[in-house]
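A short worksheet on the structure shown next.
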Amino acid sequence: MTNSNVIENQILIDGANSIPKKKIYFIRHGQSTFNIAYLSNNKVDPYLFDARLTEEGEKQANELSDNVEKYLKDVELIISSPLTRALCTTRRGFGKFLKENSNIKCLVSPLHSETVNTSDDNGRPRSTIEKENPDFNFGDLQERWWYLPSSIKDDLSIDTELYFKTNGYKEPMESILHRIEEFKKFLLSRNESTIAVVGHSDFFYHFFDRSIPHMKNCQIVSWCSETNEKVYITK
C-alpha cells in the first residue's frame with residue numbers, strides 16, 4: 001500500500017485487550033439506479049425497490065476486481081448484504097478471486113443490509129433473490145429478511161412495496177444499533193482473521209459511529225477490531 005492510497009489513519013483505543021484481532025475490509029456497492037434517480041429528482045424517492053447497479057456501477061464493480069487483486073489478497077472470508085446491488089458488486093468484484101481461491105467462502109448476511117429509509121433500502125423476498133442469484137449461498141436467510149414494521153413483517157398477504165409507498169416507514173435507530181452490535185459479534189466470532197464485507201454507506205457510517213464520511217461507491221476502508229484503526233485503502 002502506498003501513501004497515496006492512505007487518506008486517513010484514524011486510531012481510537014478502546015482499552016479492551018480481549019477483543020479478537022480482525023482486519024475487516026468494508027466495501028460499498030457500485031453506483032445504483034436509485035443513486036442517480038434520487039439526485040436527479042430533487043431527492044424525491046423514485047420508488048426503485050432493491051435498486052440494481054447502473055452501467056457505471058457495473059464498471060465500478062469490475063474495477064473493484066483489480067483492487068481486490070492488489071490489496072485484498074489476504075481475505076479469508078467474504079460477506080455480502082442480500083440487497084441486489086451488493087450481490088452484483090460482490091460477484092463482479094470478487095468473482096475472479098473466488099475462482100482462484102475455491103477454499104474461501106462467500107456468505108450472505110442481512111445484519112449489515114442498508115438502514116431502511118428509502119425504497120431502495122427495502123429488500124425482496126429470499127425466494128426471489130435466490131432464484132436470480134443461484135451462485136450465492138443464502139444459508140438461513142429468512143423470506144422477509146430486511147427491516148419491516150412488526151405489524152406487517154409476518155403478514156405475507158401484505159404487499160410490502162405498496163405499503164411503503166402508501167404509508168412509508170423508516171428503520172428506528174434502536175434497530176440499526178442492535179444490528180450493528182449483532183454484526184460486530186458475528187464478525188468477531190468468526191475463525192477467519194481477515195474478512196471482506198460488501199455493503200452500504202449509511203450502515204457503514206453508523207458502524208463507524210459517524211467518525212468517517214459516507215463511503216463512495218466501491219471504496220474500500222479497512223478496520224482493525226483490536227485498535228479501532230480505520231484506513232482508506234482506495235480513494
Parallel, tilted or perpendicular: which describes the rings of Y47 and F49, with under 30° parallel and over 60° perpendicular?
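Rings of Y47 and F49: parallel, as their planes differ by under 30°.
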Distance from [X] atom [atom1] to [Y] atom [atom2], nearest 0.5 Å?
| X | Y | atom1 | atom2 | answer |
| --- | --- | --- | --- | --- |
| S81 | E114 | OG | CD | 8.0 Å |
| S211 | N228 | OG | CG | 7.0 Å |
| L48 | D120 | CG | CG | 7.5 Å |
| I152 | S157 | CD1 | OG | 10.0 Å |
| N217 | I27 | CG | CD1 | 13.0 Å |
| T234 | K216 | OG1 | NZ | 9.0 Å |

Does any part of the side chain of [Y], heavy atoms only, come nearer than 4.5 Å to the side chain of [X], both counted from C-beta?
| X | Y | result |
| --- | --- | --- |
| I129 | P82 | yes |
| F34 | D45 | yes |
| S113 | R179 | yes |
| C106 | N137 | no |
| V116 | Y169 | yes |
| V197 | F204 | yes |
| F136 | R91 | yes |
| I79 | I195 | yes |

Output yes when a side-chain donor or acceptor of [X] lies under 3.5 Å from a complementary backbone atom of [Y], and no otherwise.
| X | Y | answer |
| --- | --- | --- |
| N35 | S32 | yes |
| E56 | Q31 | no |
| S40 | A37 | yes |
| N101 | N103 | no |
| K153 | W146 | yes |
| T89 | G30 | yes |
| H112 | V198 | yes |
| R85 | L83 | no |
| K73 | V68 | no |

Closest non-hydrogen atom pair, [X] against [Y]:
| X | Y | value |
| --- | --- | --- |
| W145 | P125 | NE1-C, 4.4 Å |
| L111 | F186 | CD1-CB, 4.1 Å |
| L188 | K22 | O-CE, 3.6 Å |

Could you please spell out the steps behind the side chain to side chain contact (heavy atoms under 4.5 Å, CB included) verdict for H206 and M173?
CA-CA 10 Å; H206 290 293; M173 184 55 65; 3.6 Å; yes
Ring pair (Phe, Tyr, Trp, His ring centres under 6.0 Å), that's the test. Do W223 and Y25 meet it? Break it down for me.
CA-CA 6 Å; W223 172 67; Y25 294 107; over 10 Å; no
Does CG belonging to N191 count more than 12 external heavy atoms closer than 6.0 Å?
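Result for CG/N191: open.
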With a sphere of 6.0 Å drawn around NZ of K59, does it hold more than 12 non-hydrogen atoms of other residues, nucleotides or ligands?
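Atom NZ in K59 is not crowded, with 12 or fewer foreign heavy atoms closer than 6.0 Å.
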Cluster question for you: counting only ILVMFWY and a side-chain heavy-atom cut-off of under 4.5 Å, with indirect links fine, are [X] and [Y] together?
| X | Y | result |
| --- | --- | --- |
| I176 | F208 | yes |
| F94 | L87 | no |
| L156 | L141 | no |
| I36 | L53 | no |
| L77 | V108 | no |

Just to verify, what does D74 make a salt bridge (Lys or Arg N to Asp or Glu O under 4.0 Å) with, not counting sequence neighbours?
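D74 satisfies salt bridge (Lys or Arg N to Asp or Glu O under 4.0 Å) with K23 only.
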Once salt bridge (Lys or Arg N to Asp or Glu O under 4.0 Å) is applied, do any residues pair with E63, and if so which ones, sequence neighbours excluded?
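E63 satisfies salt bridge (Lys or Arg N to Asp or Glu O under 4.0 Å) with no residue once adjacent residues are dropped.
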Could you go through N133 and F138, starting from their C-alpha distance and side-chain angles, then the distance that decides it, and tell me whether this counts as side chain to side chain contact (heavy atoms under 4.5 Å, CB included)?
CA-CA 9 Å; N133 301 277; F138 290 90; 4.1 Å; yes
Show, in sequence, the C-alpha distance, side-chain angles and deciding distance for F207 and K184, and conclude whether the side chain to side chain contact (heavy atoms under 4.5 Å, CB included) test is met.
CA-CA 9 Å; F207 184 95; K184 284 183 179 178; 3.4 Å; yes
Working for side chain to side chain contact (heavy atoms under 4.5 Å, CB included), residues H200 and R28:
CA-CA 5 Å; H200 310 273; R28 186 189 175 192; 5.7 Å; no
Name all residues meeting the ring-ring contact (aromatic ring centres under 6.0 Å, His included) criterion together with Y205; count only those two or more places apart in sequence or in a different chain, and write none if there are none.
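Only H214 meet the ring-ring contact (aromatic ring centres under 6.0 Å, His included) criterion with Y205.
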Does the salt bridge (Lys or Arg N to Asp or Glu O under 4.0 Å) test come out yes or no for R190 and E76, once each step is laid out?
CA-CA 10 Å; R190 297 294 308 185; E76 301 169 289; over 6 Å; no
Between T115 and E171, do the side chains contain a donor N or O and an acceptor N or O under 3.5 Å apart?
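Distance-only check fails for E171 and T115.
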Distance-only side-chain donor-acceptor flag, T118 / D121, under 3.5 Å:
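Checked: T118/D121 side chains pair up, N/O donor to acceptor below 3.5 Å.
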Please determine if E132 and R124 form a salt bridge, counting it only when a charged side-chain N lies under 4.0 Å from a carboxylate O.
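Here E132 pairs with R124 in a salt bridge, since their nearest N and O are under 4.0 Å apart.
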